[in-house]
Amino acid sequence: MIGQILRRVVTMALTLLVISALVFVIIKLPPGDYLTNRIMELRATGDASSVAKAELLIRQYGLDRPVWQQYLMWIGVMPGAAGFSGLLQGDWGWSFEYDKPVSEVVGDALWLTLLINLTAVIFVHLVAIPAAIYSATHRHTVGDAVVTLLGYFGLAVPGFLLALILLFYANRLFGLSIGGLYDSALTNQPWTWEKVRSLLAHLIVPTLVIGLGGTAAMIRRMRANLLDELAKPYTVTARAKGLPPLKALLKYPFRMSLNPFVADIGNLLPHLVSGSVLVSLVLSLPTVGPLLLDALRSQDQFMAGFILMFVAGLTLVGMLISDLTLVWLDPRIRMGLR
């Protein structure tokens, strides 16, 4: 098993290397870049000092060199003006739009993004699994119809529309400030218990909005998988031998129906990050989604490149976790690795 994990880690590193090359090439495909466009604007206004600073940044980050050299400098295997300083050395680059290091721009946004999506994942599983079990074991009842209706509602309603509705009623009924993850007065304040409570209160709406679509999809898929497992001969045999209904449900059918969802862990977090950009814009959430959108629009290449690599890293780590969990969950896979 340790050998399998080590091979996967090596494969992940090579995959990240290939992804980094593709990301950099795609970002460089549009003509020009942020600094070149900015220099043209500054020269038109006669701002010589800002033009000199922009030209210095071009030389410092090698933007006047061939693309392949820019890529090697970005990942940190080729020296630039400041020596070896790239992703491998922990230097995420410079955000030209914000005029500060990328690490300072995305610092809080990274962990807030993980926090929001982690709460959404927890919400999805806490709601979807019991609802799917109830729906599968109570077919053609009023409760089954209600769960099915809620599932269709979650799949049909756009996230940004639900965000607007919940924002209105959260402010009107509970007095929550509209948008953001804490009260506006606490935005630049140090972390205190008051700010933590404000964060927890403001997490409710984003969690519901981001998690509802995933919850609805998981309910429908898990209900179908569980119904298929409950109709198999081993389940019928277990009941015929007098195994208690709850144990007969949870010991094998429930575990087997979880396999597709465990296999999807690798795609779940990146999907939530990329799929919640519109929701983040509507709710004014300080996550990496709006930052990525702005970076791509303004051709802020180091900001966009780092965020895309962050999402790629989430995908690979999630896939490793899903594979290890599948091996633990399903003995058939475990036996196949021997």
Side-chain angles (χ1 to χ4, degrees), residues 1-9 11 117-156 207-208 210-272 314-338:
M1 194 63 192
I2 295 177
Q4 291 281 345
I5 295 175
L6 291 177
R7 280 193 290 272
R8 284 297 303 272
V9 171
T11 304
N117 288 282
L118 180 61
T119 56
V121 169
I122 294 173
F123 169 80
V124 167
H125 287 80
L126 288 180
V127 174
I129 291 177
I133 291 175
Y134 178 85
S135 181
T137 55
H138 296 76
R139 295 181 64 189
H140 310 308
T141 63
V142 175
D144 181 29
V146 171
V147 171
T148 301
L149 180 62
L150 291 176
Y152 287 142
F153 175 81
L155 290 172
T207 300
L208 289 175
I210 296 174
L212 188 59
T215 300
M218 187 173 181
I219 288 175
R220 301 306 305 159
R221 291 172 58 197
M222 188 169 183
R223 179 183 183 274
N225 292 342
L226 194 53
L227 285 174
D228 183 56
E229 293 294 329
L230 289 174
K232 290 184 177 179
Y234 74 88
T235 307
V236 178
T237 303
R239 289 176 179 172
K241 289 185 175 182
L243 199 67
L246 183 60
K247 189 174 183 179
L249 172 68
L250 298 179
K251 188 169 179 61
Y252 294 113
F254 174 67
R255 287 179 62 187
M256 295 302 102
S257 65
L258 283 177
N259 281 12
F261 304 102
V262 173
D264 278 349
I265 291 176
N267 298 321
L268 184 57
L269 275 176
H271 173 72
L272 290 175
L314 276 182
T315 304
L316 294 176
V317 172
M319 291 177 66
L320 177 62
I321 294 173
S322 68
D323 289 346
L324 294 177
T325 308
L326 275 175
V327 171
W328 169 78
L329 185 68
D330 193 338
R332 296 173 298 182
I333 299 175
R334 191 160 56 247
M335 293 297 294
L337 294 176
R338 292 181 181 176

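- A 6.0 Å sphere centred on OH of Y234 holds more than 12 heavy atoms belonging to other residues, nucleotides or ligands.
- A distance-only check finds a donor-acceptor pair linking the side chain of S322 to the backbone of M319 [under 3.5 Å].
- For L230, the side chain to side chain contact (heavy atoms under 4.5 Å, CB included) test picks out T137, L226, T235, R239, L249, P253, with sequence neighbours left out.
- Residue pairs meeting the salt bridge (Lys or Arg N to Asp or Glu O under 4.0 Å) criterion with at least one partner in residues 128-148, sequence neighbours excluded, are D144-R223.
- Between L212 and F153 there is a side-chain heavy-atom pair separated by less than 4.5 Å.
- Interatomic distance, M222 CE to N225 CG, rounded to the nearest 0.5 Å: 8.0 Å.
- Within the structure, the salt bridge (Lys or Arg N to Asp or Glu O under 4.0 Å) test picks out no pair touching residues 119-137 (sequence neighbours left out).
- The two residues V121 and H125 make their nearest non-hydrogen contact at O-ND1, 2.8 Å.
- Contacts of Y134 classified as side-chain hydrogen bond (donor to acceptor under 3.5 Å, both in side chains), with partners at least two apart in sequence or in another chain: none.
- Tested against V124, the residues I219, T215, I129, T207 include a single side chain to side chain contact (heavy atoms under 4.5 Å, CB included) partner, T215.
- In terms of the side chain to side chain contact (heavy atoms under 4.5 Å, CB included) criterion, residue partners of A216 (sequence neighbours excluded) are, by chain and number, L155.
- Here the CD1-OG1 distance, from I210 to T119, works out to 7.5 Å after rounding to the nearest 0.5 Å.
- A heavy-atom distance below 4.5 Å is found between the side chains of R220 and Y152.
- Residues that satisfy the side chain to side chain contact (heavy atoms under 4.5 Å, CB included) test with K247, not counting sequence neighbours, are L243, P244, K251.
- Note: T237 OG1 to K241 NZ = 7.0 Å, rounded to the nearest 0.5 Å.
- Scanning for side chain to side chain contact (heavy atoms under 4.5 Å, CB included) contacts around V9 gives I5, with sequence neighbours left out.
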